[in-house]
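Values below: all heavy atoms of this structure, side chains included; hydrogens, waters and symmetry mates excluded. Computed from a predicted structure; not experimentally measured.
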Amino acid sequence: MTDGITLDDVRRELAAGCRVLLFVRHAERPKIAFDDKSFGAALPLTANGERMSVDFGRLLAGASDSVQFRASPLRRTVMTAERIAEGMGLAGAEVVPDAEIGNGSAYVASELEMWRLFSDGSFFMRMFEYMRNGVQRGFAPIAVATDAYEEHALSTFAAKLGIYATHDVYVASFLHARGVKTDFDLANWPRFLDSAAVIVEPSGQRRYALVRAGLSDLACGV
């Protein structure tokens, strides 16, 4: 995939004096059963997912002396943030659980209704409908939700680099609503560890980007 920017570009933005907040899709996990109403809350990363998270961290090691970590409270997102911190040479750094960047976010009108929507295996079809129409059962309207999601995240972001581990639903929705990537399909869906970036310039102006980590070709779990 050639769309988007790379982690090297993120390093350059930081070196230029920008602050960068990354909404990072978690790393590789096992498949989630369709009847799991928790969305696989207890699923860990695969061994490969742990390795790729460490590799992601290594690609950003030393890029900033001010880094903070938050994660959706699900096991796989917390593990992703922890392994990224390890790869950055920051093993043991605090990872703050934050439901408001995960399934308790402004995008979610009803988690149970979201599960019902996806429980027949129609995840991608339903997500593409949400992006195309701006509304979807179980979801809040995408434009309003994206504004609220960003403002919550920025209200918690006090460092130069933020690693906020979340889920593909929110990475893709955010990028679509911000006009960065409005042609998502299965072929170019955010892969594991791809990110939505909020780049805050020294003037305070915000820019947005899709960051392709290049560490996985998978759109779904193994």
Side-chain angles (χ1 to χ4, degrees), residues 4-30 32 38-105 152-171 174 190-200 209-218 221-222:
I5 66 173
T6 69
L7 291 173
D8 279 343
D9 294 316
V10 171
R11 295 182 70 97
R12 282 189 278 273
E13 295 285 1
L14 290 163
C18 295
R19 299 169 65 227
V20 180
L21 174 56
L22 297 177
F23 299 123
V24 184
R25 185 187 179 189
H26 60 77
E28 184 182 284
R29 53 146 175 84
I32 300 172
S38 77
F39 294 95
L43 286 178
L45 298 180
T46 62
N48 189 45
E50 293 196 64
R51 286 192 293 271
M52 69 173 65
S53 298
V54 172
D55 288 344
F56 182 104
R58 286 174 177 154
L59 290 169
L60 287 177
S64 176
D65 59 1
S66 173
V67 188
Q68 70 182 92
F69 300 89
R70 294 178 84 87
S72 160
L74 277 62
R75 186 178 179 190
R76 61 186 178 272
T77 37
V78 173
M79 287 181 70
T80 296
E82 289 174 343
R83 297 299 177 271
I84 290 174
E86 179 184 332
M88 294 182 74
L90 301 171
E94 181 183 19
V95 175
V96 177
D98 185 354
E100 291 189 58
I101 62 169
N103 290 349
S105 77
H152 166 73
L154 287 175
S155 75
T156 68
F157 179 42
K160 295 177 183 175
L161 172 62
I163 306 293
Y164 283 27
T166 183
H167 307 275
D168 57 340
V169 172
Y170 311 119
V171 171
F174 185 90
R191 270 34 184 178
F192 293 122
L193 290 170
D194 285 350
S195 308
V198 181
I199 302 164
V200 185
L210 164 61
V211 183
R212 293 292 191 184
L215 296 168
S216 174
D217 291 327
L218 292 177
V222 294

When you measure from the side chain of [X] to the backbone N and O of [Y], does any donor-acceptor pair fall under 3.5 Å?
X: S216; Y: R191; value: no
X: R76; Y: G40; value: yes
X: D98; Y: A71; value: no
X: Q68; Y: T156; value: yes
X: R19; Y: A159; value: yes
X: T166; Y: F23; value: no
X: T77; Y: A165; value: no

Are any non-hydrogen side-chain atoms of [X] and [Y] less than 4.5 angstrom apart?
X: F192; Y: T80; result: no
X: S195; Y: V171; result: no
X: R51; Y: N48; result: yes
X: L74; Y: R29; result: no
X: V169; Y: N103; result: no
X: L21; Y: V200; result: no

Under 3.5 Å donor-acceptor pairs involving side-chain atoms of residues 52-61, not counting sequence neighbours:
residue: S53; atom: OG; partner: G49; partner atom: O; Å: 2.9
residue: D55; atom: OD1; partner: R58; partner atom: NH1; Å: 3.4

What are the two closest heavy atoms between [X] and [Y], and how far apart are they?
X: L45; Y: A27; answer: CD2-O, 3.4 Å
X: V78; Y: P73; answer: CG2-O, 3.9 Å
X: D194; Y: G214; answer: OD1-N, 4.1 Å

Check your understanding: With no hydrogens and no angle check, do the side chains of Y170 and S72 hold a donor and an acceptor under 3.5 Å apart?
Key ->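 No.
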
**Study point:** Check ion pair R25-D168 (N to O, under 4.0 angstrom)
**Key:** yes

**Study point:** Separation between CD of E13 and NZ of K160, rounded to the nearest 0.5 Å
**Key:** 15.0 Å

